[in-house]
Amino acid sequence: MKLYNVKLLTVTCEILAQKNVIDILAKHHISGYTTYEVEGNGARGLRGQGLKNEKNVKVEVIMQEDKLQDVIEEIARTLFTNFAIVLYVGDVGVLRTEKFV
Amino acid sequence: MKLYNVKLLTVTCEILAQKNVIDILAKHHISGYTTYEVEGNGARGLRGQGLKNEKNVKVEVIMQEDKLQDVIEEIARTLFTNFAIVLYVGDVGVLRTEKFV
Amino acid sequence: MKLYNVKLLTVTCEILAQKNVIDILAKHHISGYTTYEVEGNGARGLRGQGLKNEKNVKVEVIMQEDKLQDVIEEIARTLFTNFAIVLYVGDVGVLRTEKFV
Amino acid sequence: MDILGLIQSNLLTPIVLFFIFGIIAARIKSDLKIPDAISEFLPIYLLAAIGLHGGIEMRNTGFEKMLVPMLAAIGLSLLFTLNHYQILRRLGKFNLFDSYALASTYGAVGAVTFSVGLSFLKNQGVTSEGFLAAVLAILEPVAFILAIFLTNMAVSKQMKTKKESLGEISESEIGMGITETKTNLKQVLHESITGKAIVILLGSIIIGYMIGEEGFESISIVFDELFTGAIVIFLIEMGIIAGQRLDDIKKVGVFLIAFSIIMPTFNGIIGVLVATAIGLSLGGAVMFGLLLASASFIAAPAVLRHAIPQAKPSLYITSALGITFPYNIIVLLPIMFMVSSIVHNEGSIDLLNYILKGLI
Amino acid sequence: MDILGLIQSNLLTPIVLFFIFGIIAARIKSDLKIPDAISEFLPIYLLAAIGLHGGIEMRNTGFEKMLVPMLAAIGLSLLFTLNHYQILRRLGKFNLFDSYALASTYGAVGAVTFSVGLSFLKNQGVTSEGFLAAVLAILEPVAFILAIFLTNMAVSKQMKTKKESLGEISESEIGMGITETKTNLKQVLHESITGKAIVILLGSIIIGYMIGEEGFESISIVFDELFTGAIVIFLIEMGIIAGQRLDDIKKVGVFLIAFSIIMPTFNGIIGVLVATAIGLSLGGAVMFGLLLASASFIAAPAVLRHAIPQAKPSLYITSALGITFPYNIIVLLPIMFMVSSIVHNEGSIDLLNYILKGLI
Amino acid sequence: MDILGLIQSNLLTPIVLFFIFGIIAARIKSDLKIPDAISEFLPIYLLAAIGLHGGIEMRNTGFEKMLVPMLAAIGLSLLFTLNHYQILRRLGKFNLFDSYALASTYGAVGAVTFSVGLSFLKNQGVTSEGFLAAVLAILEPVAFILAIFLTNMAVSKQMKTKKESLGEISESEIGMGITETKTNLKQVLHESITGKAIVILLGSIIIGYMIGEEGFESISIVFDELFTGAIVIFLIEMGIIAGQRLDDIKKVGVFLIAFSIIMPTFNGIIGVLVATAIGLSLGGAVMFGLLLASASFIAAPAVLRHAIPQAKPSLYITSALGITFPYNIIVLLPIMFMVSSIVHNEGSIDLLNYILKGLI
Ligand SMILES: Nc1ncnc2c1ncn2[C@@H]1O[C@H](COP(=O)(O)O)[C@@H](O)[C@H]1O
Ligand SMILES: Nc1ncnc2c1ncn2[C@@H]1O[C@H](COP(=O)(O)O)[C@@H](O)[C@H]1O
Ligand SMILES: Nc1ncnc2c1ncn2[C@@H]1O[C@H](COP(=O)(O)O)[C@@H](O)[C@H]1O
Ligand code: NA
Ligand code: NA
Ligand code: NA
């Protein structure tokens with residue numbers, strides 16, 4: 001079976017920024033994503049030990065390359081300054097491109 | 001240290017399909033995998049808010065390229081129609097290829 | 001926005017080895033990482049069903065290529081023999097290389 | 001007290017109010033949520049409490065009295081499952097898979113509903129037969145097994161017909177298909193019998209039977225006194241989940257909505273009447289009726305997703321949890337209590353026997 | 001008993017000791033931790049218990065008496081929030097965002113602090129007015145709404161000035177900016193009102209009111225008798241988190257440390273005096289003072305991170321949880337109790353009115 | 001009552017039955033599971049309850065009586081750890097690492113076993129000395145520290161010999177190796193002393209001591225009355241985990257199986273006799289024996305994986321949890337109770353002293 005090249009965007013951020021990230025995805029008409037809670041360390045210090053609000057979350061989005069630039073630009077512009085956040089992009093192959101707009 | 005190229009197969013699916021995925025792996029004599037619960041959104045709607053059975057799970061498998069086609073073909077054939085499921089494949093490097101058959 | 005190539009190192013290991021992995025990262029002056037609990041199967045059998053200490057954890061580190069060799073060498077040398085552990089490396093693109101030393 | 005008065009007084013119990021509260025919280029999109037670990041633990045706790053209670057009672061009353069109600073419950077459950085299937089397939093025009101899945105969801109029992117029923121009776125100062133916990137345990141897999149068996153039969157037949165008509169494949173391949181189906185059935189059977197609900201319930205019944213009143217004393221505060229409070233907490237979460245599913249009710253369609261209300265009412269009242277006829281107490285008849293009226297929304301998906309993956313869970317979970325469960329605990333429970341009171345007080349058992357004969 | 005004696009005897013209660021124990025456990029870097037699911041569940045439980053209790057009391061006493069205290073609390077909360085802002089911005093030299101965020105954190109209320117206060121009074125054998133739970137619920141969003149509104153106004157103004165001076169953009173774009181701000185405000189308002197704390201608290205008050213003493217009986221063991229034990233468990237975790245934050249206190253600066261102790265003391269004592277003046281009981285006045293003295297450390301981040309993302313959570317969480325909370329439950333609670341005892345016993349209300357007139 | 005009767009009546013308690021139930025649930029591959037958050041919380045709760053109870057008792061009885069039992073326990077624990085090592089290394093032919101890991105696992109104490117012991121005594125209507133909770137806390141790290149120290153010594157020696165024979169490296173490098181070993185030891189020591197079990201236990205003892213009977217009242221329902229029920233819930237999960245490990249028992253080998261039964265019996269009975277000799281009560285002697293008989297299966301892996309990573313956890317966890325724990329709570333506890341009854345009633349202490357002298 002042929003695997004089609006798409007992008008896997010991963011955003012690791014504080015849990016209270018999750019809504020913002022998903023809103024940005026929705027604005028770009030991307031409705032598919034996967035999320036899960038994580039802990040971590042970074043520029044804003046150790047996160048995830050105390051209250052639920054202090055945890056991190058990963059948001060993973062499989063998407064076509066064409067939307068990627070707009071999405072990461074908006075995330076970077078609106079969230080990078082005020083939130084604990086990290087973003088990276090990888091290449092993956094999928095079977096059904098029609099699922100990932 | 002040399003890193004050897006292998007494939008990382010990721011299956012994100014509803015938790016009740018986890019057993020089916022792992023059975024397929026076992027059928028192809030793959031015993032190594034990693035799983036964890038996630039939430040998500042997709043064609044079958046928001047998943048992971050209510051009962052445990054309504055959650056999603058990610059199954060990650062590091063494997064040699066030669067088995068990949070058979071495994072994803074069987075997953076696609078037996079599970080794509082009836083389950084909330086997404087599958088993607090990436091390239092990774094590992095130190096000990098003998099661990100991943 | 002330009003994406004800069006860096007490495008994503010993933011270590012999946014038993015939870016009691018997490019401290020060792022993070023200590024190794026710290027020794028190489030890497031303070032950023034993300035962790036989360038997972039379950040899994042491998043050479044050391046099914047892990048993650050019983051007591052908390054029997055679970056696995058994934059440690060993900062975005063890092064520059066230049067430190068990668070030293071880190072994986074030390075992990076392999078000190079932890080591969082005695083712990084349930086798997087390690088793999090992938091390529092990802094990030095926006096702010098200065099975050100990942 | 002008239003039926004409306006009874007419904008109203010039932011409405012004003014903490015259990016029902018917190019359930020409704022959960023629905024409202026979900027509707028106004030509050031982020032309120034009982035953490036997963038708690039809402040996974042509570043059904044286990046509730047079943048352990050029900051089982052212990054039942055086991056202890058059975059130690060006092062013995063097994064013999066259990067036989068007839070057990071057989072009656074199994075019989076009715078099978079009958080009802082078949083009946084549901086006919087209604088759903090013929091009148092509702094659902095496909096084979098959805099029909100069987102829904103039929104067994106409503107043929108099966110809801111352990112949470114049972115807990116609420118016990119609390120309802122406690123509130124009314126009425127007791128029920130302890131062995132009904134055992135009936136609950138036995139009844140749980142019955143409807144599933146039937147539905148899965150029939151679905152597998154139907155699928156095998158379809159496959160055979162199709163393949164024969166295509167003339168493409170050999171007899172041995174068909175044989176393989178059937179074997180696979182059988183393996184699948186066996187596996188599902190194992191899964192449904194070793195499912196946590198049945199295991200903890202049966203285990204607790206046996207333990208309750210072994211330890212008796214005395215042995216129970218040291219743990220009665222946890223497994224008896226905290227019971228109603230625990231249900232309240234669990235029902236907040238059930239309310240939230242039901243509330244989230246209310247949007248899906250549109251997709252479920254008018255037919256299934258009507259089915260989700262009429263069918264339990266019918267099953268439940270028949271249950272009360274039969275139970276009364278075979279000698280159960282006022283409270284016992286209500287619980288017996290509730291067993292038959294209730295639909296399964298926790299065990300069902302776990303079993304049906306493997307056994308009949310083609311069926312749409314959005315149908316059976318939404319109707320069972322979003323419609324039938326609220327209806328059962330708010331409206332039907334008082335109705336069945338009323339019916340049971342009437343048939344128990346007015347010597348109407350003869351009348352009932354008469355009705356039943358007419359029905360069967 | 002003198003004030004030191006009271007503080008000492010308060011120190012020796014399980015709640016305070018286990019909180020301090022949690023701090024110590026964190027300081028010696030123990031891996032002790034109450035699992036997340038439990039520490040997420042406990043505040044929901046505590047609020048449900050507080051709400052039920054309050055609702056039941058209100059059924060006995062009626063609504064009328066609630067009006068004046070409610071209005072007084074809202075008025076004071078708004079006043080205090082504005083006052084905090086001035087102090088932080090002018091004296092503390094904090095930026096606009098941190099000033100508003102901190103101002104509202106201390107203008108808002110802490111539900112956990114409230115729970116501890118109830119237990120403290122129970123321990124002293126003193127009761128408080130049930131409607132204070134309702135005041136707690138109403139007060140929760142008030143300070144946030146004010147602070148968010150003012151922040152948004154300030155930001156809009158800044159934007160407008162800046163853009164006009166640049167002469168780069170049209171009126172319509174400024175209009176858009178303001179619309180966006182409004183949408184944002186509306187969204188934050190919705191979030192803060194449907195936040196789990198308010199929802200469970202209001203819901204439980206209403207349910208408590210509906211079921212009354214009688215209806216409560218079946219769940220009183222869970223929602224009343226387990227209350228203090230549950231607080232103890234929760235405070236272990238709060239202690240651990242506070243202990244982990246102690247390192248951050250250095251970053252918070254001397255000014256904010258002083259603010260985190262002096263401000264609650266001031267607000268709390270004013271609260272006790274006002275409450276006494278408007279007729280609340282000894283215990284009621286303490287709880288009223290505690291409402292005003294307490295700072296929010298669970299609800300605050302959830303609301304403020306969305307509403308004023310530019311503000312540093314390390315400031316407002318650290319000062320509220322790491323300094324004010326321990327200070328409030330260990331030192332200020334006994335002080336306010338003392339003050340309330342004095343003003344209630346010695347007819348000092350006239351004196352107080354006098355003082356208040358001088359202040360306003 | 002004879003010993004078989006006692007074992008049988010112990011078998012019929014909810015604690016033991018639910019443990020066995022958990023084993024069975026795991027064997028039939030049920031998906032029953034107590035959610036992680038609950039089973040992580042319960043040991044913390046149990047230790048807090050034990051600690052509070054012990055602390056309150058110590059307030060009544062004072063410290064002095066604690067000294068001798070404490071020293072005796074430490075002495076025996078060290079002695080037994082050394083003894084285990086010899087047996088495992090010489091007779092069992094285990095490697096150095098596994099021998100030390102197993103030796104300390106059995107030299108250490110099991111807090112869950114201790115909880116079950118307290119419930120067992122409660123059931124028999126017998127009390128035990130409160131200071132034994134403190135002995136539990138002190139004993140927890142003792143065996144580990146010894147084993148880790150000896151392992152490190154052995155490893156350093158091996159390294160030195162090896163390197164010298166190779167003649168490859170300088171003195172300074174050996175020095176470095178030893179320094180590293182020492183750092184490691186220090187770190188492990190810190191970890192094992194700040195481990196959550198010891199921290200919560202010691203903390204609760206001190207708090208119990210400070211608050212006394214009175215202060216405990218408000219939380220006694222949570223930390224006393226729920227105790228046995230909480231153990232029951234925890235033992236379901238322990239049963240499940242033990243059941244999952246039964247398959248591994250084959251890999252453990254006959255020698256270790258025998259060791260896991262004979263050693264605790266020997267240690268436990270010596271413990272009962274010594275405790276009686278130094279004046280502990282009937283119940284206290286049983287608990288003292290249980291401390292020495294029990295093996296650690298929660299704290300052990302956490303400490304040993306870091307301290308002796310070369311040792312196979314499948315050996316020490318499986319034998320401690322899969323064999324010794326069930327044996328201890330089902331069989332050995334009644335046996336020790338019997339022995340303690342005999343030596344306490346029949347003035348057999350002289351006899352015992354005689355035996356002991358023979359042994360040492
Ligand atoms: N180098 C890194 N590798 C992996 N995850 C990281 C890294 N740096 C930061 N993170 C994650 O991103 C979160 C926010 O990072 P920061 O904004 O740097 O505090 C952290 O809490 C980590 O979970
Ligand atoms: N575009 C996507 N990116 C990442 N995860 C996705 C995406 N689409 C679906 N998923 C995940 O796969 C699950 C099943 O998808 P679906 O079958 O489309 O409902 C969802 O619940 C998500 O967790
Ligand atoms: N082939 C694999 N693919 C993905 N994860 C694996 C694989 N093999 C092992 N793992 C993970 O690594 C852990 C340790 O592996 P092992 O040391 O082989 O027991 C396992 O429990 C799994 O979580
Ligand atoms: Na039914
Ligand atoms: Na305040
Ligand atoms: Na021992």
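Basis for what follows: all heavy atoms, side chains included, without hydrogens, waters or symmetry-related copies. None of the values given here were measured: they were computed from a predicted structure. Chain letters run A, B, ... following the sequence lines, proteins first and then strands; every chain starts at 1.
With chain A as partner, the option from C:Tyr4, C:Phe100, C:Tyr33 having the largest number of non-hydrogen pairs under 4.5 angstrom is C:Tyr33. If you tally non-hydrogen atom pairs under 4.5 Å between each of A:Thr12, A:Ile85, A:Asn56 and chain C, the highest count goes to A:Ile85. Listed options C:Val92, C:Val59, C:Ile62 were ranked by heavy-atom pairs under 4.5 angstrom with chain A; first place goes to C:Val92.
For the pair C:Arg47 (side chain) and C:Asn41 (backbone), a donor-acceptor distance under 3.5 Å is absent. Put simply, the side chain of A:Lys58 never gets that close to the backbone of A:Glu37: no donor and acceptor are under 3.5 Å apart. Between the side chain of C:Glu14 and the main chain of C:Phe83, no donor-acceptor pair closer than 3.5 Å is present.
Residue-environment remark: CD (A:Glu73) exceeds the threshold of 12 foreign heavy atoms within 6.0 Å.
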> Do A:Gln49 and A:Lys55 pass the side-chain contact (heavy atoms from CB on, under 4.5 Å) test, and can you show the C-alpha distance, the side-chain angles, and the key distance before you say yes or no?
Replying inline: CA-CA 7 Å; A:Gln49 302 195 296; A:Lys55 294 217 178 305; over 6 Å; no
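Within the 4.5 angstrom heavy-atom criterion, only side-chain atoms of A:Leu68, from C-beta onward, approach chain C. Interface remark: C:Leu8 contributes side-chain atoms only to the contact with chain A (heavy atom separation under 4.5 Å). Of the atoms belonging to A:Phe80, heavy atoms from both backbone and side chain fall under 4.5 Å from chain C. Of the two parts of A:Gln69, only the side chain, counted from C-beta on, holds a non-hydrogen atom closer than 4.5 Å to a non-hydrogen atom of chain C. For A:Lys7, no part lies under 4.5 angstrom from a heavy atom of chain C.
Of the charged side-chain nitrogens involved, at least one lies within less than 4.0 Å of a carboxylate oxygen, so that A:Lys19 and A:Asp23 count as a salt-bridged pair.
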